[in-house]
Structure formats: C-alpha cells, structure tokens
Amino acid sequence: MEKIIVKTGIYSFIVSFFLLVAFMKRIESITDVEGMTSSIVTPYPEFFFNIFRYSAITSIIAVIIAIAYLFSMKKNEQH
C-alpha cells in the first residue's frame, strides 16, 4: 500500500510539473477600461516557483485521493 502511495505522489508531481511547464503562460495580457492592452511578463524564478507550488499541491491531492481509494478498497474486501 505504501508503495502505491509513494508512486502516486512521485508520478503525479512529475506529470503535473511537465504539463505546467508546457501549458502555463508566462505572459499575461490585461485590457483596460479604455481598451488599451498591456502585457505582464512573469520572471523565470517566480514562474518556476509557481509551477513547483502547483505541482506540489497536485501531488498532495493525488496522494489523498489514492489513500481514500485504497482504504475504501480495503474496507470492501473485509465485508
């Protein structure tokens, strides 16, 4: 059971990290009330810190879901 939880945590972190690197935008466009558009570029250190943070959150959620699933399967086996 612990092996499954550890693998879930590691793989979900890696997969979410690569997906966020591929699809998270570093440049945001903001439009004023007057219709003027400006762009905000996130610096690389802050960008990768955000990706790391979101990956860690995703990994924690995946581990919690895996634990809940494993306990529910264990409870069903006992009945």
Review point. Can you list the residues that meet the ring-ring contact (aromatic ring centres under 6.0 Å, His included) rule with Phe17, with sequence neighbours excluded?
Key: none
Point to revise | Contacts of Tyr11 that satisfy side-chain contact (heavy atoms from CB on, under 4.5 Å) - sequence neighbours left out | key: Lys7
Point to revise | Listed partners of Ile10 passing side-chain contact (heavy atoms from CB on, under 4.5 Å), at least two apart | key: Val6, Ile14
Exercise for review: Go through the structure and list residues passing side-chain contact (heavy atoms from CB on, under 4.5 Å) with Phe52, not counting sequence neighbours.
Suggested key: Phe13
Which pairs would a plain distance check flag for residues 37-51, meaning a side-chain donor or acceptor within less than 3.5 Å of a matching protein atom at least two apart in sequence or in another chain?
residue, atom, partner, partner atom, Å
Thr42, OG1, Arg26, O, 3.4
Tyr44, OH, Arg26, NH1, 3.2
Asn50, ND2, Glu46, O, 3.4

Check your understanding: Residues two or more places apart in sequence or in another chain: which of them pass side-chain contact (heavy atoms from CB on, under 4.5 Å) with Ile4?
Key -> Thr8, Leu70
**Study point:** Val63, Ile57, Ile64 screened by side-chain contact (heavy atoms from CB on, under 4.5 Å) with Ile61, the one that passes
**Key:** Ile57
**Study point:** Residues clustering with Val33 (ILVMFWY side chains joined when closer than 4.5 Å, directly or via others)
**Key:** none
Check your understanding: Would a distance-only check, ignoring hydrogens and angles, find a side-chain to backbone donor-acceptor pair under 3.5 Å from Ser59 to Ser12?
Key -> no
Check your understanding: Taking ILVMFWY side chains as joined if any heavy atoms are under 4.5 angstrom apart, and letting links pass through other members, which residues group with Phe23?
Key -> Val15, Leu19
